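What follows is a set of notes on a single structure, which appears directly below.
Start at 1 and go down the list; that is how both ligands and their atoms are numbered. Values in this document were obtained by computation on a predicted structure and should not be read as measured data.
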Amino acid sequence: YAKQQGGQEVRQYTDKMNHIAVDNLQLETELRQAINGNQFEPHYQPKVDLDTGAIVGFEALVRWRHPSRGLLSPKHFIDAIVKHKMSFDLFCQMALQIAEQLSAWQNMGFTQHVCINADATEFGNPRFFDVVDQLFTQFPIHPHQLHIEVTESSLMLRHINIKEQLSALKTLGVCLALDDFGTGYASLSYLQEYPFDFIKIDKSFIADMVDNRTQKAIVQAILDLTVALDMSAIAEGIETEQQRDLLLQMGCQHGQGYWFGRPVAADVATKLLTEPLVSKQTPEH
Ligand code: C2E
Ligand code: MG
Ligand code: MG
Ligand code: MG
């Protein structure tokens, strides 16, 4: 009897595995269709001056306009993109749309920058540099308007040539940011090894800093470090006025988070730029 039941379990298990395999295959197929059909689009989250609330730039975050499932956020597909080696294609698709948007904003008189997220695996592609370089000949934008951010976790994989690729991008004038700072295993060594201009303090530190002395001390240490290294800090995931006030007191000038604005489609981002500043400093009670 036990044997019989065991057999059943095995069958259920293989059924389930088949299911997962079919799902994965379907996702991979759909992702290829999405790349070919231009279904990925950047949404833009404002990056602000914490003091005035003025928008200094945007972070571009990918969204997948899925033909039947609606707008999907990266948690549903970004790991699969990396796994199936489509992150370079995704980068190209995002970069083109962003450069076009930057040109449009520039025509309207806005010179804010846009940060694009890149996975470190993309730098392994020998065409990466050329694709970025070509953006500046193809579109009337300045290299300073394009920032590239790389997560600590993707640097951990230590792809060859990444240092050369990052240095080459720097010679173009592109700014580099180290994303999710403090969450990896070798945060400090990356600062020494790679030519970053900005450190993005991970939102997990910001979330707890108001109530947790340790987290607050870590944020202060990161801020001091950036000053000492001639870099700038950007706080991620600011959700409350208290967090913003504390960060300002501690000497952090720039940040982003739901308190200031969620990622929005390009037309909404344009409205944010053209609207006069809605003051968050004196909220109505
Ligand atoms: P990330 O680069 O660290 O981006 C910040 C994430 O936090 C975004 O999630 C953003 O919507 C969210 N966020 C912003 N403000 C707040 C806040 O105040 N509170 C909270 N709880 N969350 C906030 P999203 O858009 O789902 O992106 C998740 C991750 O996917 C990104 O983390 C980034 O690592 C990756 N990603 C996004 N777009 C791209 C892309 O175009 N290429 C690549 N390779 N990765 C991307
Ligand atoms: Mg990012
Ligand atoms: Mg981040
Ligand atoms: Mg992140």
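- The closest approach between a heavy atom of Ser87 and any atom of ligand 1 is not below 4.0 Å.
- For the ligand labelled ligand 1, residue Glu236 lies inside the 4.0 Å heavy-atom shell.
- The proximity of Gln256 to ligand 1, defined as any non-hydrogen pair under 4.0 Å, does not occur for either the backbone or the side chain.
- Residue contacts with ligand 1 include Glu122, since one of its heavy atoms falls under 4.0 Å from the ligand.
- Listed by chain and residue number, Ile201, Leu223, Thr226 satisfy the side-chain contact (heavy atoms from CB on, under 4.5 Å) test with Ala233 (two or more places apart in sequence, or in another chain).
- Heavy-atom contacts of Gln45 reach the following atoms of ligand 1: 14 (C), 15 (N) (cutoff under 4.0 Å).
- Using a 4.0 Å cut-off between heavy atoms, Lys75 makes no contact with ligand 1 at all.
- A pairwise comparison of heavy atoms in Leu273 and Ile55 identifies CD2-CG2, 4.2 Å as the closest pair.
- Here Glu149 meets the criterion, with an N, O or S atom under 2.8 Å of the Mg ion (ligand 2).
- Within the coordination shell of the Mg ion (ligand 2), defined by N, O or S atoms under 2.8 Å, Thr151 is absent.
- On a distance-only criterion, Lys203 and ligand 1 share at least one N/O pair closer than 3.5 Å.
- The nearest non-hydrogen atom to atom 22 (N) of ligand 1, considering only Tyr258, Phe260, Phe77, comes from Tyr258.
- The aromatic ring centroids of Phe77 and Phe40 lie less than 6.0 Å from each other.
- Look at Glu236 and the Mg ion (ligand 2): no N/O/S atom of the residue is under 2.8 Å from the metal.
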